[in-house]
Amino acid sequence: QLQLKESGGGLVQPGGSLTLSCAASGSRLGLYSLAWFRQAPGKEREGVSLLSGTDGRISYAASAKGRFTMSRDDAKNTFYLQMNSLEPEDSAMYYCTFTRFLQPVWTDFSSWGPGTQVTVSS
């Protein structure tokens, strides 16, 4: 069974950048579709980016498009979320997750780890 562990969160000033990592164990990432979600206090968890297991196509939520970049390193069995031009509204707990559905939608993801906190503040 695939297990994931997030890292890379922290405190960053508005306009800054962070790269989140999600290290996998127990199986190969290439067998799954992958995603990043986030949840801010008092808000519902929302999808940020999604990588389809069928063709590797990556899609982004409107809030992330143009600022965030998702990528995968099969040699390291790790995937990433590069976040640029961060805004206070990006402050949230960020989660990496996976599903066996190869052409998933956001609701196909349901496995959650502890997450990594991102705080954007001056």
Side-chain angles (χ1 to χ4, degrees):
Q1 174 71 347
L2 185 67
Q3 293 183 319
L4 303 177
K5 181 175 177 59
E6 307 95 342
S7 62
L11 174 64
V12 62
Q13 292 188 342
S17 299
L18 275 178
T19 298
L20 306 183
S21 300
C22 184
S25 60
S27 186
R28 303 301 299 175
L29 286 176
L31 300 176
Y32 304 89
S33 295
L34 309 171
W36 287 96
F37 280 69
R38 68 184 183 185
Q39 186 169 21
K43 295 187 177 181
E44 292 189 357
R45 186 175 284 145
E46 63 176 358
V48 175
S49 64
L50 183 158
L51 187 154
S52 169
T54 299
D55 55 11
R57 184 173 302 180
I58 300 172
S59 56
Y60 297 92
S63 59
K65 201 169 293 185
R67 300 187 301 127
F68 294 4
T69 302
M70 182 177 182
S71 62
R72 186 180 76 195
D73 186 333
D74 289 337
K76 295 182 178 180
N77 213 30
T78 299
F79 64 104
Y80 305 92
L81 185 67
Q82 169 71 41
M83 304 185 294
N84 299 324
S85 303
L86 283 163
E87 304 166 352
E89 294 73 22
D90 296 315
S91 296
M93 188 70 77
Y94 282 71
Y95 302 89
C96 61
T97 184
F98 69 98
T99 179
R100 290 186 178 275
F101 290 97
L102 297 181
Q103 291 182 306
V105 295
W106 296 118
T107 52
D108 289 329
F109 295 91
S110 60
S111 178
W112 309 108
T116 186
Q117 178 68 42
V118 172
T119 303
V120 185
S121 175
S122 55

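Below, all heavy atoms of this structure are taken into account, side chains as well, without hydrogens, waters or symmetry copies.
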Chemist: Mind running side-chain contact (heavy atoms from CB on, under 4.5 Å) on Y32 and R100 for me, showing each step along the way?
Modeler: CA-CA 5 Å; Y32 304 89; R100 290 186 178 275; 3.5 Å; yes
Chemist: With side-chain hydrogen bond (donor to acceptor under 3.5 Å, both in side chains) as the test, would you mind laying out the steps for S122 and Q13 before giving the verdict?
Modeler: CA-CA 5 Å; S122 55; Q13 292 188 342; over 6 Å; no
Chemist: Quick check: do S17 and V12 have side-chain heavy atoms less than 4.5 Å from each other?
Modeler: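 S17 vs V12: side chains apart.
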Chemist: Compare all side-chain heavy atoms of R67 with those of Y60 and state whether any distance is below 4.5 angstrom.
Modeler: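 A side-chain contact under 4.5 Å is absent here.
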Chemist: Compare every heavy atom of P104 with every heavy atom of T99, then report the nearest pair and how far apart it is.
Modeler: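 For T99 and P104, the tightest heavy-atom pair comes out as CG2-CB, 3.7 Å.
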Chemist: Which is it for Y95 and L20 under the side-chain contact (heavy atoms from CB on, under 4.5 Å) test, yes or no, and what are the steps along the way?
Modeler: CA-CA 9 Å; Y95 302 89; L20 306 183; over 6 Å; no
Chemist: Take V48 and M70 through the side-chain contact (heavy atoms from CB on, under 4.5 Å) test and state the conclusion after the steps.
Modeler: CA-CA 9 Å; V48 175; M70 182 177 182; over 6 Å; no
Chemist: Assess whether side-chain contact (heavy atoms from CB on, under 4.5 Å) is satisfied between V120 and S91, documenting all intermediate values.
Modeler: CA-CA 5 Å; V120 185; S91 296; 3.7 Å; yes
Chemist: OG of S27 to CD of Q3: how many Å apart, nearest 0.5 Å?
Modeler: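 If I round to the nearest 0.5 Å, the distance is 10.5 Å.
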Chemist: Distance from L34 atom CG to L4 atom CG, nearest 0.5 Å?
Modeler: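 Here the interatomic distance stands at 7.5 Å.
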Chemist: Hydrophobic cluster membership, with links at side-chain heavy-atom distances under 4.5 Å among I/L/V/M/F/W/Y: are V105 and L50 in one?
Modeler: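 No, separate clusters.
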Chemist: How long is the gap from CZ on F68 to CH2 on W36, to the nearest 0.5 Å?
Modeler: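 Answer rounded to 0.5 Å: 11.0 Å.
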Chemist: Closest heavy-atom contact between A61 and G47?
Modeler: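 Scanning both residues, the minimum pair turns out to be CB-O, 3.3 Å.
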Chemist: For a quick check under 3.5 Å, do Q103 and S52 share a side-chain donor-acceptor pair by atom type?
Modeler: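 Absent: no donor and acceptor within the cut-off.
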Chemist: If I compare all heavy atoms of A24 with all of L2, which pair ends up nearest, and what's the gap?
Modeler: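 Closest approach of A24 to L2, heavy atoms only: CB-CD1, 3.7 Å.
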Chemist: Locate the shortest heavy-atom distance separating R38 from S63; write the atom from each residue and the value.
Modeler: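 Minimum heavy-atom separation between R38 and S63: NH2-OG, 3.3 Å.
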Chemist: Would you say R72 and I58 make side-chain contact, with heavy atoms under 4.5 Å?
Modeler: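 A side-chain contact is absent here, since even the closest heavy-atom pair is not under 4.5 Å.
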Chemist: I need the T19 OG1 to L81 CG distance, nearest 0.5 Å.
Modeler: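 Going from the OG1 atom of T19 to the CG atom of L81 covers 8.0 Å.
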Chemist: Please examine the side chains of F101 and S33, heavy atoms only from C-beta on, and report whether any two atoms are closer than 4.5 Å.
Modeler: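 Answer no - side chains too far apart.
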Chemist: Could you pull out the closest heavy-atom pair between G8 and L18, with the gap in Å?
Modeler: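 That would be O-CD2, 3.8 Å.
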Chemist: Could you tell me the separation between the CZ atom of F79 and the CG atom of L29, rounded to the nearest 0.5 Å?
Modeler: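 F79 CZ to L29 CG: 6.5 Å, rounded to 0.5 Å.
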Chemist: Between F98 and S111, what is the shortest heavy-atom contact and its length?
Modeler: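 It is CE2-OG, 3.7 Å.
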Chemist: Please tell me whether M93 and F109 are part of a single hydrophobic cluster in this structure, the criterion being side-chain heavy atoms less than 4.5 Å apart.
Modeler: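 Result: yes, single cluster for both.
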Chemist: Measuring from atom CZ of R45 to atom CH2 of W112, what distance do you get when rounded to the nearest 0.5 angstrom?
Modeler: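 Rounded to the nearest 0.5 Å, the CZ-CH2 separation comes to 4.5 Å.
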